[in-house]
Amino acid sequence: MKKEPVFLIDAYGLIYRAYFAFIRNPLRTRDGRNTSAIFGFFKMLFRFIREYSPVYCGIILDSKTPTFREQIFAQYKATRQKTPEDLHAQIPLIEDILAEMGFSCVRLDGYEADDIMGTLSVRAEEAGHDCYVVSSDKDLAQLVTRGVRIIRMEKDNFRLMDSDAVKEKWGVSPEQIIDYLALVGDVSDNIPGVEGIGEKGAARLLSLYRDMDDIYAHLDEMSPSIEKKLSQGKERAYLSRELATIKTDVDIDVGIEDLKIGKGRPDRVEALFESHELKSLILDYRELFGVSSGTDKADKETASLISNEEDVRGSYVSVISGVEFDTLCEKIKSVSLLALDTETDSADPFSANIVGISFAFSPGDAYYLPIVSPDTDCLDNSFVLAGLRKAFSSCDALIIGQNIKFDLHVLRRWGLDLSGPFFDTMVAAWVLDAESGNFGMDFLAERYLGWKTLHYTDVVEKGSDFSSVPLDIATSYAAEDADVTFRLYEVLEKELLKEGLVDIFYDIEMPILKLLTDMESRGIRLDADSLRKFSVELDEKLKDIEKTIYACAGHEFNINSTKQLQIVLFEERGLTPTKKTKTGYSTDISVLEELAGIDELPRLILEYRSLFKLKNTYVDVLPSLINPVTGRIHTWYGQTGTATGRISSKDPNLQNIPIKTEEGRRIREAFVPDDGFVFISADYSQIELVILAHLSQDQGLCRSFIDGEDVHRATASLLFSVPVEEVSVEQRRIAKSINFGVMYGMSAFRLARELGIPRKDAADFISAYFEKYSGIKAFIEKVIREAEEQGYSQTIMGRRRRIPYINSKNKTQKMAAERMAVNTAIQGSGADIIKKAMIEIEKLLKEKGLSARMLLQVHDELVFEVPEEECDVTMRAIKSCMESVVKLSVPLRVNVESGKNWGQMH
DNA sequence: ACTAACTCGTAC
DNA sequence: GACGTACGAGTTAGTT
């Protein structure tokens, strides 16, 4: 009869894996001890036992003292991070539990677990047992023979690997693994390997030659570069081989019979699990080891504790019967607050299909309504849709959601329209603290509720989606989201009130949310054919320039690699670098422009770059983003994407479509209105400078706007003391640079570079500017002072942004913070104004019965699609609406134009 | 193979 | 070090 197999478990491998699996969300006892490693280790061990029912099973540990490998090579594992203290503390606890369970733990000073496993595997095989080494370390593959195999932990599965599997995975046989490792090296163990030989190269060499000696005996057959690498790395290769070789003859006093799992002491095991507050492991343990429960009392306590845990989760209801659904609908109709969250099969709001909807009506009272489920019959979809439609139409609750714009799209495409009012917890958190940059629900739950949520990745397998999550898990995840959203609402609502941000939130951001949803779902039409033609033209031009560049450089290279370009420009051609980056010399546009006068190549690179950018960022991408259902492009407007209050746009970003160059403008021209419609574009004239004038009340700046002058010309006139009509083109250019520079806190260094003048001259311009515009100087100082005192910068409508480093002792940080403070006051006010205008325009259009559709917002510009016959009246309405949305002490002017494409206007 | 950091370039 | 706010393409170096 065949002998029972012997299993050897690499304990540290499992322990590390368990600990880091929970690293973002560690398990802790009530008094704060980390128990992630204990929990994860035994979960995995139990799963292993369930699958393999081992009789012989040794738990093998690494030496606590340095091993012989460190003696050979001091750098061995030198780059490893030190074991975290809270992990280290769990190891003896794990050993204790294992001992009480009846497992033998084996370790030996001076040797790694690998060496012990190697030795015991040989002994097991000799004694006629099959042997399995449980580890995910690829080094162990060298132990594989006919009788020895390895079991790798992959995600949640165990994968058995024999000789063929090793060959398939690494391309070499188990006997060659040592040589393979010696050539490739190992980053985590800090084994050097041969420099320049990677996995591919090593596998190829070992398919041609038996082993390393064989390789070195035939160096003359190699290509020159491989030969060079090998001969230079010979010493390291042989050292690496020694390090990678697992010992199979360690002098250790352990026999196979010692590995037999002994009789455990269940009461002690359970007490230990209990002391670590890991009750679910007790159940697993009892089930696996067939332990009859201990005393009645302990049993009852445990059972009640476990059911308590389940009570919290179990109160989330899966809605799968008609009666439950009816009850849910009744609730929707009668409540005044309702949190909802949709689950979908994709993160893209314009293609995602609905998988389920969760609702919460008060803290803890949450429901999950599955639409699609892998393991449960759902209610008829059209029945559910009809029922929800009816319920929502007679619902007047405040609808609460996290990133609810997404849900609105999904529901709308499913056939369910919600009209609000809305409360978006993500937007609320952003209004409260835009600087934090994180508005994800998991983060907010932790920050505002101290609640650790189930994470999406805990529930959905990688590469899969929510439609394949079993109902009970889907319910605990989805209903928790709705529950947490509801609870966040309660906290955030109070915070908004306390911080005086209620108006911004309810009067601006929530109406904007609705508006953005409409703009996004309308989308915009694109003339894809014209772009495809353009793409071909660009491709030809690029190929030409590429050839010219190679000819000019004398060889081919990757033009897109700044690293290679640096070599070509600054080494081969001997050009002088004019600017540095963190990693080397800059090759950006300003540098190339300077060099273009001296050398031909930089000019070619400039042209190449601009065309390459156009083609790969816009021309080829935009047509691919046309939605097959609507035939239009649907951008995603980010309402929480900026720290200043602006809106952002992505997939595609329609806020950075080229306009400055003739070639770039062709892309704008590809944006066209629907048949029978024209575009209207309305943009604020110099809005940020107007705001600066208003906020600073600077006399000179206000004057030029009141008189309706060209501001840059007026600035030049003041700066150079010449009459307005005598300002030269050059003078206006300088004035324009300074006008913008001031709002961004530009330095003399930068201005000098931009204008190509000495730094001293630039500094003189700036000080002359502030002398003439003394009100601006005072304004900047005031904004900075307020930020220093309050910790935040404020806009015209009371929106705030925290300025973290405004009181920093570090001068660079401090100055950067000052620039942020000043710019936020201006840029953020601009954002406030156009947002308010958008809301007013939408209202006015509705009142007047005009059918114009707002499509795009580009910070100071709005683009509409209007029926041709309504064009003129709509243009007038929009203009007057935008100009009168705020009362400033200087006129706020708007240019309106109409056109048959986006590029035609301006 | 995937990810993060870096550089560059487009817009306002 | 040196100009604010975004998004995104491509390269490179580091990690699985």
Side-chain angles (χ1 to χ4, degrees), chain A residues 17 20 79 136-138 154-155 186-188 199 434 437 462 558-566 579-592 605-606 609-618 620-621 635-638 640-661 663-664 667-668 683-684 686-689 737-738 740-754 759 762-763 766 793 801 803 810-828 830-831 834 856-861:
Chain A
R17 194 183 173 117
F20 286 104
T79 47
S136 296
D137 193 341
K138 70 167 175 284
E154 286 182 352
K155 274 197 241 159
D186 186 322
V187 186
S188 72
E199 294 173 5
K462 205 171 171 197
N558 184 346
I559 307 168
N560 295 319
S561 162
T562 50
K563 210 177 160 207
Q564 293 181 33
L565 185 60
Q566 281 171 52
K579 197 171 159 182
K580 276 193 209 167
T581 66
K582 278 184 195 168
T583 55
Y585 296 123
S586 173
T587 64
D588 75 9
I589 204 165
S590 69
V591 174
L592 295 179
I605 302 283
L606 279 170
R609 285 234 184 111
S610 75
L611 299 184
F612 188 90
K613 172 83 176 176
L614 240 43
K615 181 167 190 294
N616 292 296
T617 307
Y618 304 104
D620 288 350
V621 176
T635 188
W636 171 266
Y637 286 112
T640 59
T642 71
T644 55
R646 273 189 179 181
I647 289 163
S648 69
S649 158
K650 64 178 183 134
D651 304 322
N653 182 353
L654 294 182
Q655 293 178 322
N656 72 348
I657 301 298
I659 188 169
K660 286 174 183 162
T661 66
E663 310 249 63
I667 294 162
R668 243 171 223 244
D683 67 283
Y684 281 112
Q686 304 293 357
I687 188 167
E688 299 201 338
L689 283 170
S737 280
I738 302 181
F740 281 112
V742 162
M743 291 187 296
Y744 301 146
M746 189 196 262
S747 64
F749 177 91
R750 175 73 186 251
L751 183 67
R753 198 182 164 90
E754 185 165 314
R759 188 164 155 182
I766 292 174
S793 175
R801 174 188 184 181
I803 309 290
N810 177 324
K811 196 150 175 247
T812 311
Q813 273 184 350
K814 162 84 175 146
M815 279 171 41
E818 289 178 355
R819 292 192 294 270
M820 273 165 64
V822 173
N823 182 257
T824 297
I826 301 168
Q827 191 186 108
I834 195 163
L856 303 180
Q857 195 257 33
V858 194
H859 311 308
D860 66 355
E861 175 190 14

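On a predicted model such as this, the values are computed, not experimentally measured, just so you know. Sequence lines set the chain letters: A, B, ... in the order given, protein chains first and strands last, and positions in each chain run from 1.
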Rounded to whole Å, please give me the gap between [atom1] in [X] and [atom2] in [N].
X        : N      : atom1 : atom2 : value
A/Gln655 : C/dT5  : CD    : C1'   : 10 Å
A/Ile826 : C/dC3  : CD1   : P     : 16 Å
A/Asn653 : C/dT5  : CG    : P     : 16 Å
A/Lys579 : C/dG1  : NZ    : P     : 14 Å
A/Met815 : C/dG1  : CE    : C1'   : 8 Å
A/Ile667 : B/dA11 : CD1   : C1'   : 12 Å
A/Lys563 : C/dG10 : NZ    : C1'   : 15 Å
A/Asn616 : C/dG10 : CG    : P     : 5 Å

With a 3.5 Å distance limit and no angle check, can you tell me whether [X] reaches the backbone of [Y] through a side-chain donor-acceptor pair?
X        : Y        : value
A/Thr635 : A/Lys650 : yes
A/Gln655 : A/Gln857 : yes
A/Glu688 : A/Ile826 : no
A/Tyr618 : A/Arg668 : no

**Item:** A/Ser648 to A/Gly641 - nearest heavy-atom pair and separation
**Value:**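 Here A/Ser648 and A/Gly641 meet closest at OG-CA, 3.9 Å.
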By the 4.0 Å heavy-atom rule, please label [X] as base, sugar-phosphate, or nothing.
X        : value
A/Phe612 : sugar-phosphate
A/Ile657 : sugar-phosphate
A/Thr824 : nothing
A/Leu751 : nothing
A/Gly745 : sugar-phosphate
A/Ala748 : nothing
A/Arg819 : sugar-phosphate

- Rounded distance [0.5 Å steps], CZ in A/Arg753 versus OG in A/Ser590: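 Between atom CZ of A/Arg753 and atom OG of A/Ser590 there are 4.0 Å.
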Just verifying a value: how many Å separate A/Asn656 CG and A/Thr617 OG1, rounded to the nearest 0.5 Å?
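A/Asn656 CG to A/Thr617 OG1: 8.5 Å, rounded to 0.5 Å.
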Quiz item: When the C1' atoms of C/dA2 and B/dT10 are considered, how many whole Å apart are they?
Solution: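 Result for the C1' pair: 22 Å, nearest Å.
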Worksheet item: Expressed in whole Å, how much space separates the C1' atoms belonging to B/dA4 and C/dC3?
Response: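 Going atom to atom, C1' in each nucleotide, I get 26 Å.
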(message) Judged by each residue's nearest nucleotide on DNA chain C, which is more toward the 5′ side, A/Met820 or A/Thr812?
(response)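 The answer here is A/Thr812.
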- Message: I'd like to check the side chain to side chain donor-acceptor pair (under 3.5 Å) partners of A/Lys138; sequence neighbours left out, ordered by chain and number.
- Response: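 Partners of A/Lys138 under the side chain to side chain donor-acceptor pair (under 3.5 Å) test: none.
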Among residues at least two apart in sequence or on other chains, which ones pass side chain to side chain donor-acceptor pair (under 3.5 Å) with A/Ser793?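 If we apply the side chain to side chain donor-acceptor pair (under 3.5 Å) test to A/Ser793, skipping adjacent residues, there are no hits.
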Strictly below 4.0 Å: does [X] bring a side-chain N or O up to OP1 or OP2 of [N]?
X        : N      : answer
A/Lys660 : B/dT10 : no
A/Arg801 : C/dT5  : yes
A/Ser648 : C/dC7  : yes

Just compare [options] and give me whichever is closest to any side-chain atom of [X].
X        : options               : result
A/Lys650 : C/dG4, C/dG8, C/dT11  : C/dG8
A/Asn560 : C/dG1, C/dG10, C/dA6  : C/dG10
A/Arg750 : C/dC3, C/dA13, C/dG10 : C/dC3

Should stems be defined as at least three consecutive Watson-Crick or G-U pairs with both distances under 3.5 angstrom, which of them involve DNA chain C?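 Stem list for DNA chain C: B:1-12 with C:4-15.
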Scoring nucleotides 1-9 of chain B by protein non-hydrogen atoms under 4.0 Å (B base, S sugar-phosphate only, - none) yields -----SSSB
Test salt bridge (charged side-chain N to carboxylate O under 4.0 Å, His left out) applied to A/Arg819 - qualifying residues, sequence neighbours left out:
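None.
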Listed partners of A/Lys579 passing salt bridge (charged side-chain N to carboxylate O under 4.0 Å, His left out), at least two apart
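Listed in chain order: A/Asp588.
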Could a donor-acceptor pair under 3.5 angstrom be found where the side chain of A/Glu754 meets the base of C/dC3?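 By the distance-only test, yes, there is a pair.
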